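Worksheet: one structure, shown below.
Please read these numbers as outputs of a predicted model, since none were measured by experiment.
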Amino acid sequence: MSLTKLERRKRIKLRIRKDIHGTKEKPRLSVFRSNSEIYVQIIDDREGKTLLSVSSRNKEIAEKKGITKTEQARMVGKLAAEKLLEKGISLVVFDRNGYRYHGRVKALAEAARESGIKF
């Protein structure tokens, strides 16, 4: 019996997460992608705290009409990078959360890199 998309992504996610852990100095940048939105969380796994979250539902991004979902992802990556740099964090561990590094996930990651975040 074949796996559904969600079961497949869950397996991949667990396989990735056993090796990726965030710390206060080098937190985990976790991506969640729905059909219409994209979300980013910066997580310190040792303390179990979310340090920062940004999504395409943020006011600055949601107000812009007529942009594609890929452009939204770029804006989320750039905004997350700016907020991270304000907090003094420039090094993160990227967690694609079981999604392929392609399309919106890739656009978000590249925008964060261009804005000065290293991973």
Write down the atom of [X], the atom of [Y], and the distance for their closest heavy-atom approach.
X: Ala73; Y: Ala107; answer: CB-CB, 4.4 Å
X: Ile16; Y: Gly98; answer: CD1-N, 4.0 Å
X: Leu3; Y: Arg11; answer: CD1-NH1, 3.6 Å
X: Ala81; Y: Ser115; answer: CB-CB, 3.4 Å
X: Ile89; Y: Pro27; answer: CG2-CD, 3.8 Å
X: Ala109; Y: Phe119; answer: O-CZ, 3.5 Å

Are the side chains of [Y] and [X] in contact, using a 4.5 Å heavy-atom criterion?
X: Thr70; Y: Lys106; value: no
X: Met75; Y: Ile67; value: yes
X: Ile12; Y: Arg96; value: yes
X: Lys78; Y: Glu82; value: yes
X: Arg17; Y: Arg28; value: yes
X: Glu47; Y: Lys24; value: yes
X: Ser90; Y: Leu85; value: yes
X: Phe94; Y: Ile20; value: no

Any side-chain to backbone donor/acceptor pair from [X] onto [Y]? Under 3.5 Å, distance only.
X: Asn97; Y: Val31; answer: yes
X: Lys87; Y: Leu51; answer: yes
X: Lys69; Y: Asn35; answer: yes

Pairwise distance [atom1]([X]) to [atom2]([Y]) - rounded to 0.5 angstrom:
X: Thr23; Y: Asp44; atom1: OG1; atom2: CG; value: 6.5 Å
X: Lys13; Y: Leu6; atom1: NZ; atom2: CG; value: 10.5 Å
X: Glu110; Y: Arg74; atom1: CD; atom2: CZ; value: 8.0 Å
X: Lys83; Y: Asn58; atom1: NZ; atom2: CG; value: 5.0 Å

Is there a side chain to side chain contact (heavy atoms under 4.5 Å, CB included) between Gln72 and Ile61? Walk through the geometry before answering. CA-CA 7 Å; Gln72 276 184 342; Ile61 299 167; 4.2 Å; yes
Do the side chains of Ile43 and Val76 join up, straight or via other hydrophobic residues, at under 4.5 Å, putting them in one cluster?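 Different clusters.
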Please tell me whether Val93 and Leu91 are part of a single hydrophobic cluster in this structure, the criterion being side-chain heavy atoms less than 4.5 Å apart.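 Different clusters.
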Under 6.0 Å from the CG atom of Leu14, do we count more than 12 heavy atoms belonging to anything else shown?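 For Leu14, atom CG is crowded (more than 12 foreign heavy atoms under 6.0 Å).
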Around atom CZ of Arg57, are there more than 12 heavy atoms from other residues, nucleotides or ligands closer than 6.0 Å?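 Counting neighbours around CZ of Arg57, 12 or fewer heavy atoms of other residues, nucleotides or ligands fall under 6.0 Å, so no.
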Glu37 vs Ser56, side-chain hydrogen bond (donor to acceptor under 3.5 Å, both in side chains): CA-CA, chis, key distance, verdict: CA-CA 6 Å; Glu37 309 288 343; Ser56 56; 2.5 Å; yes
Could you go step by step and tell me if Leu29 and Leu108 meet the side chain to side chain contact (heavy atoms under 4.5 Å, CB included) rule? CA-CA 11 Å; Leu29 188 147; Leu108 186 144; 4.2 Å; yes
